[in-house]
There are 2 protein chains.
Amino acid sequence: MSGVHVSTVSRTFSAPHLVNTETRNRVLAAAEDLGYRPNRAARALTTGRTHNLGLIVADIANPFFSHLIKGAQAHARTRDYHVFVADTDEDPQVEEELIQTLAKQVDGVLLCSPRLSNRVIEKLREDVPFVVVNRRMKGMSNVLMDVGSGAREAIAHLVSLGHSRIALLAGPAGSWTSKEITDAARSVPGIDLTVFGPNSPTEHGGLALAEAVASADVTGVLAYNDLMAIGLVEGLTSLGVDVPTQVSVVGIDDIVAGRVSRPKLTTVAMPAEAAGRTAVDLLLQLVGAGETATPALATLATNLIIRDSTGPVRHELRTDP
Amino acid sequence: MSGVHVSTVSRTFSAPHLVNTETRNRVLAAAEDLGYRPNRAARALTTGRTHNLGLIVADIANPFFSHLIKGAQAHARTRDYHVFVADTDEDPQVEEELIQTLAKQVDGVLLCSPRLSNRVIEKLREDVPFVVVNRRMKGMSNVLMDVGSGAREAIAHLVSLGHSRIALLAGPAGSWTSKEITDAARSVPGIDLTVFGPNSPTEHGGLALAEAVASADVTGVLAYNDLMAIGLVEGLTSLGVDVPTQVSVVGIDDIVAGRVSRPKLTTVAMPAEAAGRTAVDLLLQLVGAGETATPALATLATNLIIRDSTGPVRHELRTDP
DNA sequence: AGCGACACTGCAACCGGTTGCACGAAACAT
DNA sequence: ATGTTTCGTGCAACCGGTTGCAGTGTCGCT
């Protein structure tokens with residue numbers, strides 16, 4: 001209605017300095033009037049930039065991921081990007097489909113704790129730039145938590161309390177983090193380690209292991225995440241095994257539920273929000289640089305939070321029957 | 001490479017019956033070979049259908065929403081739709097921007113527990129079809145939880161335990177659910193109700209109210225959600241007020257943290273996953289029907305789950321000083 | 001007055017598909 | 001053998017923007 005060519009309208013929004021102030025104002029006024037906003041999808045057709053990022057997680061209900069998501073979304077917003085989140089339900093098949101669908105609708109994808117094989121990820125990478133969180137992949141940008149040293153710290157804590165027979169509840173198959181934790185635990189000398197898994201990384205997964213843990217000859221447990229640890233504690237308690245006097249339990253993640261459950265959960269805190277922010281930074285860097293991009297690696301520190309689910313081993317109760 | 005016109009390729013994917021079986025196979029083979037997939041965004045330009053839905057929540061870290069999201073995503077997937085989730089951080093401003101950006105990239109939006117005013121929502125509605133969850137809006141499709149009767153049931157439970165001086169911890173300003181709960185509570189005869197709020201619907205929000213609740217002359221509390229209830233219990237406990245012997249607390253939502261916190265939280269369960277599924281159904285119905293759509297209303301039942309955070313009032317302790 | 005520089009703005013091709021229409025060939029009917 | 005369908009495919013316009021190029025008008029300078 002302002003009687004100008006579409007290209008002028010276009011420039012008003014994407015290159016304001018190229019259009020006369022007065023014309024621009026007229027266009028803006030008309031746009032305001034008609035409630036017009038440039039169509040991002042159409043723009044993406046020619047520019048190749050959607051100004052959207054995709055974020056894929058295995059389980060949106062896992063509080064660890066929620067915080068990562070919040071960090072990523074808030075940070076992306078400050079860079080005029082939007083983050084679309086999708087949940088794979090721990091299903092590698094769904095994960096792959098999701099990436100392919102997302103590929104053309106976003107400028108880059110944050111892949112968090114993928115369950116896919118490295119090979120498939122390498123292939124998908126041709127379709128869209130990636131930053132992989134919680135998995136080390138050569139030649140790609142990664143955001144990692146130093147979960148190995150977190151696990152070692154947790155086990156050192158158990159050892160310092162006198163525990164030497166320790167169980168490790170592994171996470172899901174395909175999880176890099178789970179492998180990392182397992183390797184770290186195995187590398188600790190002088191302990192007797194039993195590994196259970198792979199398991200579903202949920203409260204239910206922990207609950208299901210209660211009997212096995214109770215009948216195994218262990219006094220300390222490190223779980224793949226807090227959800228499992230909480231489930232385990234619940235299970236042990238209902239079996240009449242007290243935490244921490246009979247078994248000490250350490251989780252990983254530091255989610256709210258761990259702080260309010262009783263006993264309060266000792267855990268390895270993961271900087272989820274920071275990871276989300278960092279991942280967005282690396283991804284935008286990658287997107288901006290195009291083909292020439294150098295993959296970057298960020299490793300974030302973890303730290304042990306000692307609460308009430310761990311305590312000194314009681315030797316007298318653990319003599320032979 | 002298969003030597004056919006683009007339009008034939010297009011038809012191979014969007015109208016297979018129009019193309020010769022043999023040609024189709026050749027195209028599909030070539031596509032497979034080149035890793036070609038139709039660009040959804042480009043398709044959307046002409047068809048007006050992106051096959052994407054947007055889902056907007058106030059706080060993705062709230063477990064109630066996580067389950068709603070999972071329900072919606074899983075259900076949408078079976079209809080060949082994808083759901084993009086975005087978090088507003090409880091900020092109406094962000095909520096509005098998000099809707100506008102999403103508007104052209106999705107076929108419809110699920111707006112969950114909006115903080116925006118009805119007026120603004122009515123306006124935004126011209127840009128994109130909506131289904132509003134947890135808010136009654138005339139002329140629009142809604143998915144509601146019968147939170148009013150849930151609240152009445154919760155209060156009846158408290159009354160049956162002998163409580164009559166009851167506190168209500170309201171939710172955030174602008175929340176329809178909060179208003180609904182408050183109205184329901186006020187409509188219960190024979191109790192002495194104190195309303196606190198509006199409050200931040202988080203653990204921290206509940207924690208912050210502990211002192212006020214402790215010094216108010218109440219023996220029963222109904223909180224806007226479990227997160228607040230958990231925070232309140234934490235706060236009361238650290239003030240030396242025991243739950244449930246001195247104060248009984250009821251939450252709303254039935255999140256995991258409530259089941260593992262001690263005492264286990266009595267709560268009004270909300271069918272979050274079902275709500276997500278239902279909302280997707282209504283939205284697709286709306287999208288399919290275009291302008292002629294009749295708005296639908298779905299109300300889902302809630303139910304009281306009695307656990308350990310509520311108990312009989314102890315009259316002897318509550319005599320005057 | 002004449003000329004180049006500069007600031008705007010319009011033109012048209014393009015992004016990657018979709019779709020109504022037309023056309024040719026094969027199949028069927030008369 | 002000829003006329004009529006039917007089927008399969010190509011053509012070209014279009015969706016809503018972006019952008020290189022060219023054209024116009026204004027201004028300053030010699």
Side-chain angles (χ1 to χ4, degrees), chain A residues 1-52 80-82 100-107 126-128 287-288 290-291, chain B residues 1-52 80-82 100-107 126-128 287-288 290-291:
Chain A
M1 285 306 118
S2 50
V4 302
H5 196 263
V6 289
S7 55
T8 305
V9 177
S10 170
R11 277 188 275 258
T12 303
F13 288 94
S14 47
H17 59 279
L18 288 180
V19 26
N20 185 296
T21 313
E22 196 187 322
T23 314
R24 190 191 326 153
N25 289 339
R26 242 181 33 248
V27 172
L28 288 176
E32 172 73 14
D33 214 43
L34 276 60
Y36 167 88
R37 326 204 71 200
N39 181 327
R40 285 189 163 208
R43 169 180 300 183
L45 259 188
T46 48
T47 60
R49 289 272 172 282
T50 61
H51 266 244
N52 290 146
D80 194 26
Y81 265 80
H82 283 279
Q100 292 188 329
T101 328
L102 231 37
K104 289 298 186 319
Q105 315 196 47
V106 300
D107 296 341
E126 294 164 14
D127 295 351
V128 61
V287 168
E291 293 299 311
Chain B
M1 286 306 119
S2 50
V4 302
H5 195 264
V6 290
S7 55
T8 306
V9 177
S10 170
R11 279 188 275 258
T12 302
F13 289 93
S14 47
H17 59 279
L18 286 180
V19 29
N20 184 298
T21 313
E22 196 187 322
T23 315
R24 190 193 323 155
N25 289 338
R26 245 184 27 253
V27 172
L28 287 177
E32 173 75 13
D33 214 44
L34 277 60
Y36 168 88
R37 326 204 70 198
N39 182 327
R40 284 189 164 209
R43 170 180 298 182
L45 259 188
T46 48
T47 60
R49 289 273 172 280
T50 61
H51 266 243
N52 292 146
D80 193 28
Y81 264 82
H82 283 279
Q100 292 188 329
T101 328
L102 232 36
K104 289 297 186 320
Q105 316 194 49
V106 300
D107 296 343
E126 294 165 13
D127 295 350
V128 60
V287 169
E291 293 299 311

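Residue numbering restarts at 1 for every chain, and letters A, B, ... go by the order of the sequence lines.
The CG atom of Leu45(A) sits 13 Å away from the C1' atom of dT18(C) (whole-angstrom rounding). Atom C1' of nucleotide dT9(D) and atom CZ of Arg26(B) are separated by 11 Å, given to the nearest angstrom. We find that CG of Asn25(B) is positioned 11 Å from P of dT9(D), with the value rounded to whole Å. At whole-Å resolution of the value, NZ in Lys104(A) and C1' in dG16(C) are 10 Å apart. Spacing between atom NE2 of His17(B) and atom P of dT19(C) amounts to 11 Å, rounded to whole angstrom units. To the nearest angstrom, P of dA7(C) lies 12 Å from CG of Asn20(A). The nearest whole Å value for the distance from the CG atom in Leu18(A) to the C1' atom in dG17(D) is 16 Å. Whole-Å rounding puts the Arg40(B) CZ to dG16(D) C1' distance at 20 Å.
Side-chain proximity of Arg11(B) to the nucleotides dG16(D), dA12(C), dG10(D) is greatest for dG10(D). The Asn39(A) side chain lies nearest to dG17(D) when the options are dT19(C), dT19(D), dG17(D). Closest approach to the His5(A) side chain among dC11(D), dA12(C), dC15(D) is made by dA12(C) (side chain taken as heavy atoms from C-beta onward).
In this structure, the side chain of His51(A) engages the main chain of Asp80(A) through a donor-acceptor pair within 3.5 Å. A donor-acceptor distance shorter than 3.5 angstrom exists from the side chain of Asp107(A) to the backbone of Thr50(A), with no hydrogens or angles considered.
Taking all atoms of both residues into account, the shortest heavy-atom contact from Leu45(A) to Ala42(B) is CD2-CB, 3.9 Å. Looking at every heavy atom in both residues, Arg49(A) comes nearest to Val287(A) through NH2-O, 3.1 Å.
For dT18(D), the OP1/OP2 oxygens have a side-chain nitrogen or oxygen of Ser14(A) closer than 4.0 Å. Between Thr46(A) and dT18(D), a side-chain N or O to OP1/OP2 separation shorter than 4.0 Å is absent.
Each of Thr23(A) and Val6(B) lies near DNA chain C, and the nucleotide nearest Thr23(A) is the one positioned closer to the 5' end. In this structure, Thr8(B) and Arg43(A) both approach DNA chain D, and ranking their closest nucleotides by distance from the 5' end singles out Thr8(B).
Using a 4.0 Å heavy-atom distance criterion, Thr47(A) is classed as a sugar-phosphate-only contact. Heavy atoms of Arg37(B) sit under 4.0 angstrom from primed sugar atoms or phosphate atoms, though from no base atom.
In this structure, Phe13(B) and Tyr36(B) have tilted ring planes: the angle between them lies in the 30° to 60° band.
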